[in-house]
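Just the heavy atoms: all of them, side chains too, but no hydrogens, waters or symmetry mates, feed the values below. Each residue takes its place number in the sequence, starting with 1.
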Amino acid sequence: MTRLEKLQELLKSDPADSFTRYAIGLEYRGMKDYPAAIKVLEDLRREDPHYLATYYQLADCYRETGDNNNAIECYKQGISVARAANDTHTMSELQAAMDDLEDGM
């Protein structure tokens, strides 16, 4: 059984578990299956918008597919959520990644 299959089995016991859903998105990303990763991470962002790690990884998937507009939108939304949570570390990471992307455009 692959790690992805194990995570999918785990999710069956708790479909609302954000960490497991995030981990599944990362597995797809690691496999370079960006459409599947984007689907999982977009669903997670919609259903648990306060799960901050989602924003960086989702934006990165969009970057990998050349969809810079959606990547920037993810960074901006993540920065806003991080600011509201007073998470300055995550906010600065998202800002730096967005600046890097914009500088390269």
Side-chain angles (χ1 to χ4, degrees):
M1 182 178 281
T2 68
R3 187 168 39 206
L4 178 59
E5 291 168 334
K6 288 177 186 175
L7 288 166
Q8 289 169 331
E9 282 297 313
L10 212 89
L11 190 61
K12 287 179 184 176
S13 66
D14 186 1
D17 181 44
S18 294
F19 177 78
T20 302
R21 295 167 66 201
Y22 174 74
I24 289 170
L26 292 185
E27 283 299 310
Y28 282 124
R29 182 179 170 270
M31 296 164 43
K32 299 191 184 314
D33 185 347
Y34 299 112
I38 288 168
K39 166 95 172 77
V40 170
L41 295 171
E42 279 289 4
D43 289 347
L44 178 57
R45 178 170 72 153
R46 183 179 51 259
E47 294 170 22
D48 188 357
H50 300 290
Y51 200 83
L52 277 170
T54 304
Y55 295 92
Y56 187 93
Q57 297 301 329
L58 178 57
D60 190 58
C61 288
Y62 280 124
R63 284 177 83 159
E64 288 292 334
T65 63
D67 189 347
N68 293 338
N69 290 331
N70 270 325
I72 290 169
E73 186 273 324
C74 282
Y75 288 133
K76 286 180 179 178
Q77 187 179 16
I79 289 165
S80 177
V81 172
R83 183 177 294 117
N86 201 29
D87 186 338
T88 56
H89 178 74
T90 300
M91 190 171 60
S92 67
E93 284 183 339
L94 290 166
Q95 185 67 56
M98 185 173 72
D99 291 346
D100 180 59
L101 175 60
E102 290 177 328
D103 288 346
M105 290 175 67

> Run the side chain to side chain contact (heavy atoms under 4.5 Å, CB included) check on Leu4 and Tyr28 step by step: do they pass?
CA-CA 8 Å; Leu4 178 59; Tyr28 282 124; 3.7 Å; yes
> Find out if a path of hydrophobic residues (ILVMFWY) with successive side-chain heavy-atom gaps under 4.5 Å connects Leu11 to Met31.
yes
> For a quick test of reading the model, state the closest non-hydrogen atom pair linking Leu41 to Thr54 and the distance between them.
O-CG2, 3.4 Å
> Under a single-linkage definition using a 4.5 Å side-chain heavy-atom cutoff for Ile, Leu, Val, Met, Phe, Trp and Tyr, are Ile72 and Ile79 assigned to the same hydrophobic cluster?
yes
> Which atoms form the tightest heavy-atom contact between Ala71 and Leu101, and what is the distance?
CB-CD2, 3.7 Å
> At their closest point, which heavy atom of Val40 faces which heavy atom of Gly25, and how far apart are they?
CG1-N, 3.7 Å
> Can you confirm whether the side chains of Gln95 and Asp99 place a donor and an acceptor under 3.5 Å from each other?
yes
> State whether a side-chain donor-acceptor pair under 3.5 Å links Glu93 with Tyr55.
no
> Does atom OH (Tyr22) have a neighbourhood of more than 12 heavy atoms from anything else shown, all under 6.0 Å?
yes
> Flag the pair Tyr34 / Lys39 as yes when at least one side-chain heavy-atom distance between them is below 4.5 Å, and no otherwise.
no
> For atom CG of Asn86, is the number of surrounding heavy atoms from other residues, nucleotides or ligands below 6.0 Å larger than 12?
no
> Carefully, step by step, assess Arg83 and Thr88 under the rule side chain to side chain contact (heavy atoms under 4.5 Å, CB included).
CA-CA 7 Å; Arg83 183 177 294 117; Thr88 56; over 6 Å; no
> Tell me the closest heavy-atom pair linking Leu94 and Gly78, and the distance in Å.
CD1-C, 3.4 Å
> Do the side chains of Phe19 and Leu10 join up, straight or via other hydrophobic residues, at under 4.5 Å, putting them in one cluster?
no
> Say you draw a straight line from CG of Asn70 to OH of Tyr62; how long is it, rounded to the nearest 0.5 Å?
4.5 Å
> Indicate whether any N or O donor in one side chain lies under 3.5 Å from an N or O acceptor in the other, for Tyr75 and Arg63.
yes
> To check you understand the geometry: which heavy-atom pair defines the closest contact between Cys61 and Ile38, and what is its length?
CB-CG1, 3.6 Å
> Nearest heavy-atom pair of Ile24 and Leu7: which atoms, and what distance?
CG1-CB, 3.6 Å
> Going by an N to O cut-off under 4.0 Å, is there a salt bridge joining Lys12 and Glu9?
yes
> Using a strict cut-off of less than 4.0 Å between a Lys/Arg side-chain nitrogen and an Asp/Glu carboxylate oxygen, indicate whether Arg21 and Asp17 qualify as a salt bridge.
no
> Rounded to the nearest 0.5 Å, what's the gap from CZ on Arg3 to CD on Glu27? Could you check?
4.0 Å
> Could you state whether Val81 and Tyr51 fall into the same hydrophobic cluster, counting links through intermediate Ile, Leu, Val, Met, Phe, Trp or Tyr residues with side-chain heavy atoms under 4.5 angstrom apart?
no
> Is there side-chain contact between Asp14 and Thr20, with at least one heavy-atom pair below 4.5 Å?
no
> Less than 4.0 angstrom from a charged side-chain N to a carboxylate O is my criterion; do Arg45 and Glu73 meet it?
yes
> Rounded to the nearest 0.5 Å, how far does CG of Asp100 lie from CE of Met98?
11.5 Å
